[in-house]
Colleague: 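This is the structure I have questions about; it appears just below.
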Amino acid sequence: MSEADAFPARPIDVLLRSRRVVTPTGTRPACVAVAGERIEALLSHDAPPPPGARLVDYGDAALLPGLVDTHVHINDPGRAAWEGFASATRAAAAGGVTTLLDMPLNSVPPTVSPEALAVKRAAARGRVWVDVGFWGGAVPENAGRLRALHRSGVFGFKCFLSPSGVEEFPALDPAGLAEALAEIAAFDGLLIVHAEDPERLAAAPEVTGSRRYVDFLASRPAGAEHAAIERLITLADRLGARVHVLHLSAASALPLIADAKAAGVAVTAETCPHFLTLTAEEVPDGATEFKCCPPIREAANQDALWAALADGTLDCVVSDHSPCTVDLKVPDFGAAWGGISSLQLGLPAIWTAAGARGHQLADVARWMSTAPARLAGLRHKGAIEPGRDADITVLDPEATFTVDPAALHHRNPVTAYAGRTLRGVVRATWLRGRPILETAETAAAGAAGAVGFVGEETETGQDSGGAHPAPAPIGRLIERTAAP
């Protein structure tokens, strides 16, 4: 043990050892020393465990900071048949996501008031496997309630500039957008925006009754995103407001964002695994599991999104997990619900494509953990370094698997990734210093804990009928505490 490995003052509970630990200063062999819920120190790979601590050696599996997914539709309460807190957060843990932020729709009621937020929290309490926070919603006629929602702990406010798809969450018109953004800027909040221009969409060809993906793509032109983002940036600049562009798919809008950043406008932008790994050219007719808004675009457009991630124009990659029941994915692209189910699959999907393009695990950690944590102001998340929460994703980067929708923890077995072979298998997930998921392969390698989901308590407090007791989830409901 080197002098640098002198044990910290706080008692160490566990050392997580790996030959590939992804840290803010590089990927290297190391031991992550965990005290309570936090990372206390990074020690050399051969550091012995201190008295009373246990050692979990993950060998060549990589340790990444737990993913932070700031764009998840859980739909609970009200549409829990589409997805619920228990199923969504189990899927998150299985995919290496340790923190997620829930969107204010498609639950009923939507999270557009402090009272609705209380209903949402009540539905989630005691049922989450990972740490969960909430976005508020900005809709017509609730500008006067946004400050109260902010004080209640939401991380920011989502709005639509075009129809959302559900009646209870209407879009903001230009005047409503200006009113909401002025109010949010007054308390230094964050507005996150579904940016498609409704006039451009209305002028596009209709897709009603069509099974052809090319018809659906024509109905959601890139120009709709471009126009909406241009208007948003202009308004944010004038008001001195912070804005974030959600699920950007149109590469034509990237220069707008790059120029705005260079000019000092407080704008950030995200894209999603499906835009980076799936292309319009490969979507079969009638395959509405690929339908989302904005849409999956052509391969050349995808190349530009990857370039924008590399140069920092795009900040982060998050799922936009927007599930529904199987019956809503009818083969008519006009009638089918638009949303991609991918919460459990984002990390392997991105790693498969990123590795093929020459990117490293450190890039994936930055896009899927560090940057989303920064966006939400989660100062204790997003990196493997002392002082952060001990949220760790254990990934076998070389292992592959074929996606079987029936084997996913999502409530409904629908995903655009069905049948695809992906690279990167999550072997274990740790939340605040405790394992919440370990696979059979991990247990065989000598890691502590049971196979599958891990909990120290049970829901009933006892075995029932000789069966193994159900583990209790240890996730917490979290609130905004400081601006990013």
Side-chain angles (χ1 to χ4, degrees), residues 18-30 58-69 95-97 247-255 257-258 261 268-282 296-320 340 342 344-375 382-385 392-403 416-417 420-427:
S18 167
R19 296 183 184 87
R20 289 184 282 189
V21 179
V22 180
T23 78
T25 58
T27 300
R28 58 187 173 89
Y58 285 112
D60 288 324
L63 304 190
L64 283 71
L67 303 192
V68 177
D69 193 338
V97 176
H247 46 46
L248 187 143
S249 81
S252 66
L254 293 170
I257 295 169
K261 286 185 172 187
T268 53
E270 71 188 34
T271 192
C272 304
H274 41 277
F275 298 140
L276 295 167
T277 63
L278 307 173
T279 62
E281 292 89 341
E282 65 187 312
I296 295 165
R297 302 191 188 275
E298 300 86 352
N301 184 90
Q302 183 182 94
D303 291 340
L305 296 180
W306 277 104
L309 270 176
D311 69 22
T313 302
L314 289 174
D315 297 272
C316 50
V317 179
V318 291
S319 70
D320 189 12
I340 304 280
S342 61
Q344 188 171 336
L345 300 170
L347 175 56
I350 287 297
W351 174 235
T352 300
R357 290 174 178 263
H359 296 290
Q360 306 300 314
L361 285 173
D363 299 318
V364 174
R366 183 174 70 256
W367 299 328
M368 303 188 78
S369 182
T370 307
R374 184 184 304 118
L375 171 72
I384 297 179
E385 64 181 1
I392 307 291
T393 296
V394 182
L395 182 74
D396 185 339
E398 286 74 44
T400 62
F401 69 102
T402 300
V403 177
Y417 294 96
R420 290 178 177 266
T421 297
L422 301 179
R423 183 167 172 251
V425 173
V426 174
R427 299 298 191 198

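These numbers come from a predicted model, not from an experiment.
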Colleague: Does the pair Val318 and Leu375 meet the rule for a side chain to side chain contact (heavy atoms under 4.5 Å, CB included), with working shown?
Modeller: CA-CA 12 Å; Val318 291; Leu375 171 72; over 6 Å; no
Colleague: Could you tell me how the ring of His359 sits relative to the ring of Trp306: parallel (under 30°), tilted (30 to 60°) or perpendicular (over 60°)?
Modeller: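 Ring orientation, 0 to 90° scale: parallel.
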Colleague: Counting only N and O atoms by type, is there a donor-acceptor contact under 3.5 Å from the side chain of Thr402 to the main-chain atoms of Thr421?
Modeller: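 Not at all, since once roles are kept as given, no pair shorter than 3.5 Å links the two residues.
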Colleague: Let's go through His274 and Tyr417 carefully: what are the C-alpha distance in whole Å and the side-chain angles of both, what is the deciding distance for side chain to side chain contact (heavy atoms under 4.5 Å, CB included) to 0.1 Å, and is it a yes or a no?
Modeller: CA-CA 9 Å; His274 41 277; Tyr417 294 96; 3.9 Å; yes
Colleague: Counting N and O atoms only, with roles assigned by atom type, does the side chain of Glu270 sit under 3.5 Å from a partner on the main chain of His247, one being a donor and the other an acceptor?
Modeller: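 Present.
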Colleague: With Asp320, which residues qualify under salt bridge (charged side-chain N to carboxylate O under 4.0 Å, His left out), at least two apart?
Modeller: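 For Asp320, no residue satisfies salt bridge (charged side-chain N to carboxylate O under 4.0 Å, His left out) once neighbours in sequence are set aside.
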Colleague: If you define the side chain from C-beta out and look only at heavy atoms, does anything of Pro397 sit under 4.5 Å from Leu361?
Modeller: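 Yes; the side chains approach each other to less than 4.5 Å.
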Colleague: Evaluate side chain to side chain contact (heavy atoms under 4.5 Å, CB included) for Leu309 paired with Arg366, printing each intermediate quantity in order.
Modeller: CA-CA 10 Å; Leu309 270 176; Arg366 183 174 70 256; over 6 Å; no
Colleague: Would you check if Gln302 and Arg297 make a side-chain contact, meaning some heavy-atom pair closer than 4.5 Å?
Modeller: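 Sidechains of Arg297 and Gln302: no contact.
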Colleague: What pairs with Trp351 under ring-ring contact (aromatic ring centres under 6.0 Å, His included), at least two apart in sequence or on another chain?
Modeller: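 By the ring-ring contact (aromatic ring centres under 6.0 Å, His included) rule, Trp351 matches no residue at all.
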Colleague: Does some side-chain heavy atom of Met368 sit less than 4.5 Å from a side-chain heavy atom of Ile350?
Modeller: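 Heavy-atom side-chain distance check passes, below 4.5 Å.
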Colleague: Any side-chain heavy atom of Asp69 sitting closer than 4.5 Å to one from Pro372?
Modeller: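 With C-beta onward as the side chain, the pair stays apart.
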Colleague: If you apply the rule side chain to side chain contact (heavy atoms under 4.5 Å, CB included), what do you find for Leu63 with Val394, and how did you get there?
Modeller: CA-CA 5 Å; Leu63 304 190; Val394 182; 3.6 Å; yes
Colleague: Are the side chains of Thr277 and Thr352 in touch, meaning some heavy atoms are under 4.5 Å apart?
Modeller: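 The answer is no; the side chains never approach within 4.5 Å.
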Colleague: Hey, does Ile296 have a side-chain heavy atom less than 4.5 Å from the side chain of Phe275?
Modeller: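 Of all side-chain heavy-atom pairs linking Ile296 with Phe275, at least one is under 4.5 Å.
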Colleague: What's the spacing between Asp303 CG and Glu298 CD if we round to 0.5 Å?
Modeller: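 Rounded to the nearest 0.5 Å, the CG-CD separation comes to 11.5 Å.
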Colleague: Mind checking the CG-OG spacing from Leu276 to Ser249? Nearest 0.5 Å is all I need.
Modeller: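 Those atoms lie 10.5 Å apart.
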Colleague: Between Leu254 and Leu314, is there a side-chain heavy-atom distance shorter than 4.5 Å?
Modeller: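 Contact flag for Leu314/Leu254 side chains = yes.
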Colleague: Does a side-chain N-to-carboxylate-O contact under 4.0 Å join Lys261 and Asp315?
Modeller: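 Answer for the salt bridge query: yes.
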Colleague: Within the 4.5 Å heavy-atom criterion, are Val22 and Val364 side-chain neighbours or not?
Modeller: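 Contact flag for Val22/Val364 side chains = no.
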